[in-house]
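Residue numbering restarts at 1 for every chain, and letters A, B, ... go by the order of the sequence lines.
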Amino acid sequence: MQKRYNPKEIEPKWQEIWDQTGTYTADLTSSKPKYLAMSMFNYPSGNGIHIGHAMNYTISDVKARFKRQQGYEAYHPVGWDAFGLPAENFAIKSGVSPQESMAKIIPGYHKQYKAMGWSNDWEKEIATHLPEYYKWTQWIFSEMFRHGLAYQASRMQWWCEKDNTVLANEQVIDGKCWRHDGLDDPLVEKKEIKQWFFKITEYADELLEATDALDWTDSVKLAQKNWIGKSKGAEIDFQVEGSEEKITVFTTRADTLFGATFLVLAPEHVLVDKLTCAEHKNEVEAYKKESQVKSELERQAQKDKTGVFTGAYAINPINKARIPIWIADYVLVGYGTGAIMAVPAHDERDHEFAKKFNLPIVRVVKNQAADDECSHEEGLMINSAEFNNLPSAEARENIVAALVNIGMASEKINYRMNDWSVSRQRYWGAPIPIIHCKKCGPVLLPDDQLPVIIPELDDFAPSGDGRSALARATDWLKVDCPNCGGPGERETDTLDTYICSSWYMFRYIDPRNQEKIFDSQLVNKWTPVDFYNGGDHATAHLLYARFIGHFFNKIGLIDNPEPFKQMLFNGKVTAADGSMFSKSKGNGVDPLEIIDQGYGADALRTYLMFAAPLELWIRWDPQGVPGAYRFLSRLWTLVQEYLEAPTTESSQDQATELKRIINKTTQKVTADLENNFYNTAIAACMKAVNDLYKQKAKSLAKSSAWKEALEAITALVAPFAPHMAEELWHELGHSTTVHKDSWPQVEKQYLHSDKLNIVIQINGKLRANIKVSSEATEEEVLDQAKQDSKVGSYLKDKTIKKTIYVPGKIVNFVV
RNA sequence: GCGGAUGUGGUGGAAUUGGUAGACACGCUAGCCUUAGGAGCUAGUGCCGCAAGGCGUGAAGGUUCAAGUCCUUUCAUCCGCACCA
């Protein structure tokens with residue numbers, strides 16, 4: 001009696017055995033070649049995993065399993081990104097400490113991860129909220145501080161009223177807090193706050209330079225570059241008329257300097273008050289106020305340019321022209337110098353402004369555009385004195401050079417990226433290891449006093465004065481200054497959780513090290529991460545992780561500055577109608593429910609990997625998992641039938657045919673898994689099973705040929721359906737696991753059959769198909785083609801003008 | 001607005017350097033079988049046509065013996081950035 005394919009039985013069984021025998025425990029000191037595959041780690045919430053997690057982790061799991069079967073020492077780590085607002089907000093509401101709720105939530109995730117059949121190494125599990133981990137997050141802050149890369153500054157920061165906390169630029173989406181972006185949620189505002197920063201801008205250039213060489217999804221590389229936003233230009237000084245002050249502007253188009261007919265300062269620019277004439281004071285003050293309360297969203301939504309005249313004039317250094325100075329909020333204080341030279345003939349924004357306020361427009365570049373149009377296109381210079389008739393690029397160089405000579409300009413590179421704001425006024429994060437001393441200022445806590453443990457509290461809400469709940473922990477707060485011994489107070493800011501997640505891949509390699517952040521030799525052996533994937537964080541997380549990598553490299557901790565060798569930005573899963581799954585809509589798909597329905601994790605995994613290329617978003621298809629189940633079931637049944645078949649050898653013909661099926665498939669699946677084409681790898685396995693069924697119809701025997709074929713196909717599907725493959729592998733007579741060193745080798749002699757199919761075209765249209773021997777010469781093939789009756793009827797009464805022969809593929813007769 | 005993609009059956013998607021368009025799967029149709037199941041097996045399934053044949057990869061041109069693939073123009077959809085000077 002054959003056993004039916006019943007995942008409910010075999011999946012838990014093998015999960016238990018793998019766990020007990022440590023099948024997926026990576027030996028980090030192994031002499032085998034290493035392979036590190038991982039997905040972005042998870043933030044544990046009360047909701048458990050959803051179908052998006054199932055997608056992400058299955059992708060890296062398949063990769064790890066494939067490599068493990070190929071004979072690599074593969075490591076598929078697991079960890080938890082446990083700090084952050086949701087746990088804290090829950091704590092504020094419920095009074096249950098985040099430490100406590102994490103301790104409850106995480107074990108639930110263990111069960112779910114195991115139920116999905118992911119080959120995680122649980123011995124090396126990490127969690128960012130544990131002191132053994134955040135000790136080193138704090139240490140990174142200390143190292144940054146010691147290297148002059150951490151500093152404190154007052155900045156206008158985005159402030160979310162709902163969370164009472166500062167937001168990073170990337171946490172502001174369409175003018176709203178990323179966690180409160182609903183219709184009813186308020187727009188964020190700016191507030192002046194003292195913040196800690198990491199000087200990531202110091203690494204901007206090297207991060208940018210290194211981007212091209214990365215084996216990453218192109219869109220992510222591009223996003224990284226845009227984020228850094230390098231632009232080459234010049235800073236040019238404009239003397240303020242009747243004053244010692246100079247206004248410095250940044251421009252990438254110094255060639256258009258003769259067309260600069262006014263200057264515009266950001267309303268927040270430091271010189272505004274100084275410049276403004278008495279009779280314009282009221283107007284300017286009013287405008288400044290107005291733009292301060294104006295939210296980012298309003299500023300972006302507003303179509304019209306606004307601004308006011310200061311009453312002051314500046315002198316254009318190239319032609320001594322006297323030009324008015326305006327302020328307008330379309331100039332941003334945070335970029336460049338916060339001031340621009342306006343060239344309305346060649347910049348759309350300046351053009352719009354000039355039109356509205358009747359300012360002069362002088363054209364200095366001759367290009368395709370009509371005379372009254374604004375165009376930023378380059379061309380030959382006009383109205384530019386001695387620079388006339390030069391192409392833009394050359395004029396640009398010459399003008400800057402001329403100004404540099406008289407000390408009125410310098411070449412300058414600007415970045416859109418700002419320094420990384422790393423402090424948060426929150427409880428649930430790693431405390432910043434700084435003591436504030438009245439006498440010594442901010443003093444770094446000595447390393448031997450790390451970690452700074454988060455004190456237990458009853459109330460986790462921010463203190464309300466802009467500081468975190470830690471300000472309430474008075475015993476914890478008061479300490480002696482490590483420098484002078486006088487009274488001091490601990491920093492109450494905690495570190496941005498992006499810091500925790502920017503170095504975890506290194507800690508995976510040495511998770512229990514008490515002495516050091518990690519053993520460099522071991523980390524050098526195991527990093528960069530060979531394969532990394534995720535469906536979020538194309539900019540911030542990846543850029544920060546790269547920054548930390550480059551920093552670690554600079555301070556001699558690691559050899560390779562780039563942490564992720566390959567990065568795949570995978571798609572997500574949406575509802576059937578294309579909308580996002582969400583709890584509030586109640587349209588979510590729970591992976592565990594699918595498993596429990598009886599389809600099993602293997603079918604779910606196979607469907608997710610088969611539905612589309614990994615980069616594409618897929619729409620949840622309720623028929624998909626049953627379809628994958630059917631495929632697995634067919635393979636299962638085939639093996640069961642084999643086990644009951646009579647023991648006899650297969651014919652030579654069939655043995656060869658089985659070899660061909662298997663070798664062709666092995667080659668395809670191996671290449672596809674290497675290149676992350678999982679969907680076509682599965683398709684190839686399906687095709688192979690279909691082909692094996694055709695062979696079965698001819699004859700099925702418990703022969704060595706069949707055994708070999710079934711073992712091979714079992715090994716090939718093992719990365720996708722690990723439980724079923726393991727069960728079949730053992731049924732086929734193995735006592736060791738299929739998940740190590742089982743990948744079939746390609747025997748090249750079986751890749752081609754001795755007969756080739758040649759397509760015959762007449763004038764490029766398909767007319768016939770012929771079978772020829774693989775050894776046939778061109779002449780023989782053409783002869784045979786002409787003899788084909790169908791071809792003959794087309795060639796009758798015609799002369800062949802031209803014959804094209806593509807060996808082994810096609811013959812085209814042109815008549 | 002700028003940048004990046006992507007347009008292929010009823011559906012998801014396949015197609016080395018230009019060389020049999022639609023692999024594989026879902027769905028559908030028919031037949032078989034049965035322990036009547038969430039079955040299974042076999043065959044069929046781009047469109048028009050009884051057939052021969054013709055037409056087909058968003059649209060229109062072009063290059064070529066041959067175009068989903070290359071070139072030009074154009075339309076549509078999606079994503080990222082968004083007053084970055």
Side-chain angles (χ1 to χ4, degrees), chain A residues 1 4 174 218-223 225-227 229-231 233 249-253 256 260 264 266 296 299-300 302-303 305 328-332 334-343 346-350 352-353 376 414-417 538-539 571 576 578 597-599 606-607 610-613 615-631 633-634 637 668 671 677 679-690 693-694 696-697 757-769 800-815:
Chain A
M1 189 60 209
R4 264 197 78 189
D174 289 338
D218 285 339
S219 63
V220 176
K221 281 163 68 168
L222 191 75
K225 287 191 195 172
N226 289 343
W227 193 262
K230 178 177 183 170
S231 61
V249 304
F250 174 72
T251 179
T252 56
R253 291 296 302 274
T256 63
V264 187
E296 189 79 347
R299 242 168 115 143
Q300 283 174 23
Q302 120 198 333
K303 290 229 173 78
K305 292 274 178 289
D329 65 5
Y330 81 92
V331 175
L332 309 174
Y335 183 77
T337 61
I340 62 156
M341 61 180 216
V343 184
H346 302 291
D347 181 286
E348 284 82 0
R349 297 153 300 183
D350 299 342
E352 208 184 309
F353 195 81
H376 59 262
N414 250 310
Y415 298 95
R416 212 173 79 187
M417 183 173 69
T539 46
Q597 274 169 20
Y599 291 116
T606 304
Y607 162 66
F610 174 65
E615 298 81 1
L616 257 53
W617 286 50
I618 64 174
R619 291 174 180 222
W620 181 257
D621 175 5
Q623 301 294 340
V625 176
Y629 177 87
R630 205 167 301 156
F631 157 63
S633 199
R634 271 164 70 80
T637 305
K668 172 80 175 150
F677 302 145
N679 59 330
T680 50
I682 294 171
C685 291
M686 290 172 165
K687 176 99 172 75
V689 169
N690 291 347
Y693 263 69
K694 286 188 186 118
K696 183 191 89 173
N757 189 34
I758 304 281
V759 172
I760 315 297
Q761 297 182 338
I762 313 286
N763 289 340
K765 292 210 184 233
L766 171 69
R767 294 303 180 191
N769 262 296
I800 298 173
K801 287 187 206 146
K802 195 170 175 186
T803 304
I804 287 106
Y805 175 59
V806 182
K809 276 189 180 151
I810 211 162
V811 173
N812 190 8
F813 294 115
V814 184
V815 296

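As judged by a 4.0 angstrom heavy-atom cut-off over every strand, N414(A) is placed among residues making no nucleic acid contact. Across all strands shown, F610(A) has heavy atoms under 4.0 Å from base atoms, whether or not it also approaches the sugar-phosphate. The residue S219(A) sits apart from the nucleic acid: no heavy atom pair falls under 4.0 Å. At a threshold of 4.0 angstrom between heavy atoms, the contacts of V814(A) are confined to the sugar-phosphate backbone, with no base atom among them. As judged by a 4.0 angstrom heavy-atom cut-off over every strand, I804(A) is placed among the base-contacting residues. Within 4.0 Å (heavy atoms only), E348(A) reaches no atom of the nucleic acid at all. Contact annotation for N690(A): backbone-only contact, meaning every heavy-atom pair under 4.0 Å involves sugar-phosphate atoms and none involves a base. Residue A611(A) is in sugar-phosphate contact alone, with no base atom involved, counting any heavy-atom pair closer than 4.0 Å across all strands shown. At a threshold of 4.0 angstrom between heavy atoms, the contacts of I618(A) with the nucleic acid are absent. N226(A) comes within 4.0 angstrom of no nucleic acid atom, judged by non-hydrogen atoms across all strands.
Pairing analysis of RNA chain B (Watson-Crick: purine N1 to pyrimidine N3 plus N6-O4 or O6-N4; G-U wobble: N1-O2 and O6-N3; both under 3.5 Å) yields stems of 3 or more pairs at B:1-7 with B:75-81, B:10-12 with B:24-26, B:27-32 with B:40-45, B:46-48 with B:53-55, B:58-62 with B:70-74.
The phosphate of A39(B) has neither OP1 nor OP2 within less than 4.0 Å of any side-chain N or O from R630(A). Look at R634(A) and you'll find a side-chain N or O under 4.0 angstrom from OP1 or OP2 of C41(B). Distances shorter than 4.0 Å separate some side-chain N or O of K802(A) from OP1 or OP2 on C65(B). Taking only side-chain nitrogens and oxygens, N679(A) comes nearer than 4.0 Å to OP1 or OP2 of A14(B). The side chain of R4(A) contributes no N or O atom lying less than 4.0 Å from OP1 or OP2 of G38(B). Of the side-chain N and O atoms in S231(A), one or more sit less than 4.0 angstrom from OP1 or OP2 of A85(B). Residue Q761(A) has no polar side-chain atom (N or O) positioned under 4.0 Å from OP1 or OP2 of A66(B).
Spacing of P atoms, U8(B) relative to U57(B), comes out at 11 Å, to the nearest Å. A gap of 15 Å separates the P atoms of C75(B) and A60(B), to the nearest Å. Of the P atoms belonging to U69(B) and U73(B), the separation is 16 Å, rounded to the nearest Å. Of the C1' atoms belonging to G68(B) and G9(B), the separation is 14 Å, rounded to the nearest Å. Of the C1' atoms belonging to U42(B) and G46(B), the separation is 23 Å, rounded to the nearest Å. Distance check on atom C1': A39(B) versus U45(B) gives 22 Å, rounded to whole Å. Straight-line distance between the P atoms of U72(B) and G22(B): roughly 29 Å, to the nearest whole Å. Using P as the reference atom, G4(B) and G13(B) are 24 Å apart when rounded to the nearest Å.
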Practice task
Applying side-chain contact (heavy atoms from CB on, under 4.5 Å), run through F610(A) and M686(A) and close with a yes or a no.
Solution key: CA-CA 11 Å; F610(A) 174 65; M686(A) 290 172 165; 3.8 Å; yes
Handout entry: Residue pair R416(A), N226(A): steps toward the side-chain hydrogen bond (donor to acceptor under 3.5 Å, both in side chains) verdict
Key = CA-CA 8 Å; R416(A) 212 173 79 187; N226(A) 289 343; 6.0 Å; no
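Taking the ring axis of F353(A) as reference, the NZ or CZ atom of K305(A) does not stay both within 45° of it and closer than 6.0 Å to the ring centre.
Between the OH atom in Y335(A) and the CE atom in M417(A) there is a gap of 12.0 Å [rounded to 0.5 Å]. Atom CD1 of I762(A) is separated from atom NZ of K765(A) by 12.0 Å, given to the nearest 0.5 angstrom. Here the CH2-CG distance, from W227(A) to L222(A), works out to 13.5 Å after rounding to the nearest 0.5 Å. Note that CZ of F813(A) is 10.0 Å distant from CD1 of I804(A), once rounded to the nearest 0.5 Å.
When rounded to the nearest whole Å, the span between CZ of R767(A) and P of A66(B) equals 14 Å. Following rounding to the nearest Å, I760(A) (CD1) and C65(B) (C1') show an atom-to-atom distance of 14 Å. If you take OH of Y330(A) and P of C83(B), they are 13 Å apart, rounded to a whole angstrom. For the pair K305(A) NZ and G1(B) C1', the computed distance is 11 Å after rounding to whole Å. Y693(A) has its OH atom 13 Å from the P atom of A43(B), to the nearest Å. As a whole-Å value, the separation of K225(A) NZ from A5(B) P is 12 Å. C65(B) atom P lies 14 Å from atom CD1 of I810(A), rounded to whole Å. For the pair M686(A) CE and G13(B) C1', the interatomic distance rounds to 12 Å; values are reported in whole Å.
You won't find any donor-acceptor pair under 3.5 Å spanning the side chain of D621(A) and the base of U11(B), going by distance alone. With hydrogens and angles left out, the side chain of K809(A) and the base of U17(B) share a donor-acceptor pair within 3.5 Å. For C65(B), the base has no donor-acceptor partner in the side chain of K801(A) [N/O atoms by modelled type, under 3.5 angstrom].
The listed nucleotides are C55(B), G13(B), A21(B); the one nearest the side chain of L766(A) is A21(B). Looking at the side chain of N812(A), the nearest of the listed nucleotides A85(B), U20(B), G19(B) is G19(B). In the set U20(B), A14(B), G38(B), A14(B) carries the atom at the smallest distance from any side-chain atom of T680(A). For Q623(A), taking side-chain heavy atoms from C-beta onward, the closest of the listed nucleotides C81(B), C26(B), G54(B) is C26(B). Closest contact between the side chain of Y599(A) and the listed nucleotides C24(B), U20(B), G38(B) involves G38(B).
Mapped onto RNA chain B by nearest heavy atom, V806(A) and P613(A) fall at different nucleotides, with P613(A) at the one closer to the 5' end. Comparing K687(A) and L616(A) along RNA chain B, the residue whose closest nucleotide (by nearest heavy atom) sits nearer the 5' end is L616(A).
Regarding the sugar-base torsion, G46(B) falls in the anti class, its angle being beyond 90° of 0.
Side chain of N812(A) to backbone of G764(A): a donor-acceptor contact under 3.5 angstrom is found. R253(A) places no side-chain N or O within 3.5 Å of a backbone atom of D347(A) that could act as its donor or acceptor partner. Counting only distance, with no hydrogens or angles, the side chain of Y607(A) and the backbone of D621(A) share a donor-acceptor pair below 3.5 Å.
Side chains of T606(A) and Y599(A) form no contact here, defined as non-hydrogen atoms less than 4.5 Å apart. Under the 4.5 Å side-chain criterion, counting only non-hydrogen atoms from C-beta, F631(A) is not in contact with R634(A).
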